[in-house]
**Student:** 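Handing you this structure, nothing more for now.
Everything quoted here is computed from the prediction, not taken from an experiment. Note on naming: letters A, B, ... go to the chains in the order of the sequence lines (proteins, then strands), and numbering restarts at 1 for each one.
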Amino acid sequence: MKAFNKNNIIQIIILVAIIIIGNVLVSVGIIDSYIELNIVLIGINIILAVSLNLIVGFTGLFSLGHAAFMSIGAYTSAVLTRNFNSPFIFAILMSGLVASLAGILIGIPTLRLKGDYLAIATLGFGEIVRVLALNNDYIGGAIGFNDIPQYTNWNYTFIMVVLTVVLISNFVKSSHGRACISIRENEIASEAMGINTTFYKVLAFAIGAFFAGIAGSLYANYFYFIKPDSFGFMKSIDILVMVVFGGLGSIPGSIIGALSLTVISTLLQSIPDLRMVIYAVILFLIMLFRPQGIMGDTEFRLLNKKEVKHNVSSKGK
Amino acid sequence: MLELKDLNVYYGAIHALKGLNLNINPGEIVSLIGANGAGKSTTLRTISGLEKSKSGYILLDGMKINSVPAPDIVKLGLSHVPEGRRIFPQMSIMENLEMGAYTRKDKEGINKDYNKVFELFPILEERKQQLAGTLSGGEQQMLAIGRGLMSKPKLLLLDEPSMGLAPIIVNEIFSVIKNINEDGTTVLLVEQNANMALKLSDRAYIIRNGEIELEGKSEELLNNEKVRKAYLEG
Ligand SMILES: Nc1ncnc2c1ncn2[C@@H]1O[C@H](COP(=O)(O)OP(=O)(O)OP(=O)(O)O)[C@@H](O)[C@H]1O
Ligand SMILES: [Mg+2]
């Protein structure tokens, strides 16, 4: 197996170049704090949308609780960096792991539910997490968690976005990813093929939750302050809208969805009431004119140009 | 090869299989015939580990497999082609076949079996890259059977392959089932189309309300008065 080919090297050079350019732009002040704020927000939303897409778009599990995983990650990171002075990279990793563990715990009992039932169960899970956080004084309860050190910057955001996109794209293309897609396509047939559908559903949930936890960590350590209501039901819907907007089962779609809706929402910041209305209208128009999302189910060909090849020797006629 | 002994299956309070007995010898085509709701699909689903039996035995080459999980049943050489052409619509034909080989690791063997499937169903090779959801009903059924073969089964369980298909297509599919059997795969064929199934199979069981009502050589059942009345006429 060739781990690196020419393409990979070019990709890595491009990525390193982007990181360096970003740093230069930050240091000379072209990326000022306002632009940086938006870049971080876009990055966090890309991570959230791509990870939710794995659950909803690829595996076909209708989850309405993605913000809860983000919340778990955010609080984990806040506690670790503020109360225990732990290094940020460790906090990021732990946020992912704790969120992922929560994903597994909630996944095992609920993932045998189908469709609407699963949606309601995940909705309930999101509310439980929020209420638990509201009533836990150690993490600030309803007042919120203050004085979180600000570690998130351009570098962390960019690297985490790239890692999320690359790892989830690769997962989706692997045979494990195929198993997840086959569950979405037809669960009964998938079982009949000998695929352990429960295992793969929990796996998709765990991976999705892992990255949502990382997004939470980036969020907490950028904004100094978090409160349970930042990660409520509406945030879960927000993420879902990005995924649907971009296209269920399309990773580039999720990136474009996160990017465009974050920008729209920033532009509408001064009129928060209108924001939800415009969101609803956008969603309505998408469903009407392009129900498969902006990108349909387009897959990434940018990061890995290798076309899917089937090794079937065609027989001579 | 496969033996069901006094098999009982419940869905909650519904007693779907009531002490079922059935036996399949290596190399045979056995058909299981019955009306809607008789318990045919339940029988197949229980054999392949998708439903749990309450009591009784499922013996595969003498080994009890009642509580073996579904993925391991596939590895033991049982392949289940479910009712209603459950293909993966947004995957290509090729990808569907790949999924059929999911439990296998032997790349070379898998490649050989793609070609075997393509020999049985040349149309699938022509349409290799086409999305399975865009195939006609008959082609989807061919794909479902081809996909079932990709796990390299000793015993192929087919659930109503003729369902909703024109007679000419049914003929085509049944003649392929015959070919598959002649290549050494044992077949358990579930059908409502009693006439076709009895003509194809060596032996048959007639199931009614979760119980075997009649069994015997297929030719004999074809001429059996009761069978003619209930399943072949009208
Ligand atoms: N998931 C289920 N829950 C409850 N009852 C079920 C379930 N699946 C099947 N049954 C019941 O079990 C009985 C046998 O059903 P089964 O699907 O095995 O019949 P069948 O012979 O395959 O019929 P058909 O020819 O219509 O496919 C029926 O009475 C059916 O209503
Ligand atoms: Mg049936």
Side-chain angles (χ1 to χ4, degrees), chain A residues 1 53-54 56-60 108 112 114 172-203 247-251 253 291-293 295-299 301 306-317, chain B residues 41 44-45 48-50 69-76 78-105 107-108 110-119 122 125 128-129 131-133 143-144 147-148 150-151 153 157 159:
Chain A
M1 207 184 90
N53 202 351
L54 172 63
V56 181
F58 287 97
T59 317
I108 288 171
R112 47 189 99 204
K114 312 239 145 119
V172 167
K173 281 186 216 138
S174 72
S175 75
H176 301 295
R178 271 291 162 68
C180 290
I181 296 172
S182 78
I183 295 172
R184 171 194 78 193
E185 292 281 280
N186 196 313
E187 197 170 338
I188 290 176
S190 175
E191 277 182 314
M193 298 302 103
I195 289 162
N196 187 340
T197 54
T198 309
F199 171 78
Y200 280 108
K201 288 200 262 181
V202 173
L203 183 66
L248 289 165
S250 164
I251 289 174
Q292 70 275 45
M295 299 297 286
D297 60 356
T298 315
E299 282 175 40
R301 302 247 183 260
K306 203 175 63 188
E307 284 288 322
V308 192
K309 267 197 208 109
H310 301 294
N311 301 321
V312 178
S313 53
S314 51
K315 354 162 233 164
K317 291 265 155 76
Chain B
S41 299
L44 292 195
R45 290 179 56 79
S48 52
L50 303 176
D72 297 329
I73 299 242
V74 178
K75 288 187 199 146
L76 287 174
L78 268 169
S79 180
H80 178 179
V81 179
E83 183 176 36
R85 301 173 217 139
R86 297 180 173 275
I87 43 101
F88 303 121
Q90 305 222 55
M91 293 186 188
S92 67
I93 289 185
M94 211 49 219
E95 288 166 334
N96 268 270
L97 295 178
E98 279 171 22
M99 292 312 299
Y102 195 79
T103 52
R104 293 173 67 183
K105 298 274 175 296
K107 264 214 141 124
E108 272 182 28
I110 295 175
N111 281 335
K112 253 195 206 147
D113 285 341
Y114 287 132
N115 289 327
K116 259 195 199 162
V117 170
F118 290 147
E119 263 166 47
E125 180 163 30
K128 244 181 346 205
Q129 304 303 339
L131 287 188
L143 177 59
R147 191 183 56 185
M150 287 306 300
S151 66
L157 311 171
D159 200 343

**Student:** Side chain from CB out, backbone as N, CA, C, O: work out which of these in Pro89(B) comes under 4.5 Å of a heavy atom of chain A, or both, or neither.
**Tutor:** both

**Student:** I'd like to know which of Arg45(B), His80(B), Met99(B) tops the heavy-atom pair count under 4.5 Å against chain A.
**Tutor:** Met99(B)

**Student:** Which atoms form the tightest heavy-atom contact between Val74(B) and Ala192(A), and what is the distance?
**Tutor:** CG2-O, 3.7 Å

**Student:** If I measure from the heavy atoms of chain A, does Ile87(B) come under 4.5 Å with its side chain, its backbone, both, or neither?
**Tutor:** backbone

**Student:** So which residue, Asn196(A), Thr197(A), Ile195(A), ends up with the most heavy-atom pairs under 4.5 Å with chain B?
**Tutor:** Ile195(A)

**Student:** Which residues satisfy the side-chain hydrogen bond (donor to acceptor under 3.5 Å, both in side chains) test with Ser182(A), sequence neighbours excluded?
**Tutor:** Ser190(A)

**Student:** By ring pair (Phe, Tyr, Trp, His ring centres under 6.0 Å), which residues pair with Tyr200(A), not counting sequence neighbours?
**Tutor:** His176(A)

**Student:** In Å and rounded to the nearest 0.5 Å, what is the CG to CZ distance from Asn186(A) to Arg86(B)?
**Tutor:** 5.0 Å

**Student:** Closest heavy-atom contact between Glu98(B) and Arg178(A)?
**Tutor:** OE1-NH1, 2.8 Å

**Student:** If I compare all heavy atoms of Met193(A) with all of Gly100(B), which pair ends up nearest, and what's the gap?
**Tutor:** SD-CA, 3.6 Å

